[in-house]
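Only one structure is covered here, and it is reproduced in the block below.
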Amino acid sequence: MDNNFFKNIEKKTGVNMKDIFELANSLQNANFKDEHTVRGVIRKVSQIANKPVSREMENKIVDSIVKDGKQLDFNQISKMLNKK
C-alpha cells in the first residue's frame, strides 16, 4: 500500500500504523476462548487508541467474547466503549 496513505491515517487518528500492524499480527493465532488473551487484547487496543477501559467495561467485553462465545466484533466493542 501507499506509504502516504498510512501517514494520512496516522495524522488523522494519532495512532501509529506500526502498532496497528503489530496488533493485527498478534491476533492472527490468538485464542479468544482464553480470558487472559482477551484481556491482553483489550488492554492493547485501549493503549493504542489512548482510550481507557474501566475494569467493569473490560469484564463486560471479556464475558461477551469468552463466556457468551460471541465473535470478536470491533464494531460491537466500539459501541460498548462509546456508551460510557
task: Could you tell me whether the side chain of N8 reaches within less than 4.5 Å of the side chain of K11, counting heavy atoms only?
output: yes
message: Could you check whether any side-chain heavy atom of N59 comes within less than 4.5 Å of a side-chain heavy atom of R39, counting everything from C-beta outward?
response: yes
query: V38 and V66: which non-hydrogen atoms are nearest, and at how many Å?
result: CG2-CG2, 3.6 Å
query: Closest approach of P52 and S46, non-hydrogen atoms and distance?
result: CA-OG, 3.6 Å
field: Spatial distance of atom OG1 (T37) from atom CD (E35) [nearest 0.5 Å]
entry: 10.0 Å
field: Flag side-chain contact, heavy atom, 4.5 Å: V53 against R43
entry: no
Carboxylate-amine/guanidinium proximity below 4.0 Å for R55 and E58: yes
task: Answer whether the closest heavy-atom distance between the side chains of N16 and E10 falls below 4.5 Å.
output: yes
field: Atom of F32, atom of V41 and distance for their closest heavy-atom approach
entry: CE2-CG2, 4.0 Å
Reported CD-to-CG distance for the pair Q47 and D19, which is rounded to 0.5 angstrom: 7.5 Å
- request: Begin from the C-alpha positions of V15 and I9 and carry the test side-chain contact (heavy atoms from CB on, under 4.5 Å) through to its verdict.
  value: CA-CA 8 Å; V15 176; I9 291 173; over 6 Å; no
statement: Here the gap from I48 atom CD1 to K18 atom NZ, rounded to the nearest 0.5 Å, amounts to 11.5 Å
Heavy atoms from other residues, nucleotides or ligands near CG of N25 exceed 12 (cutoff 6.0 Å): yes
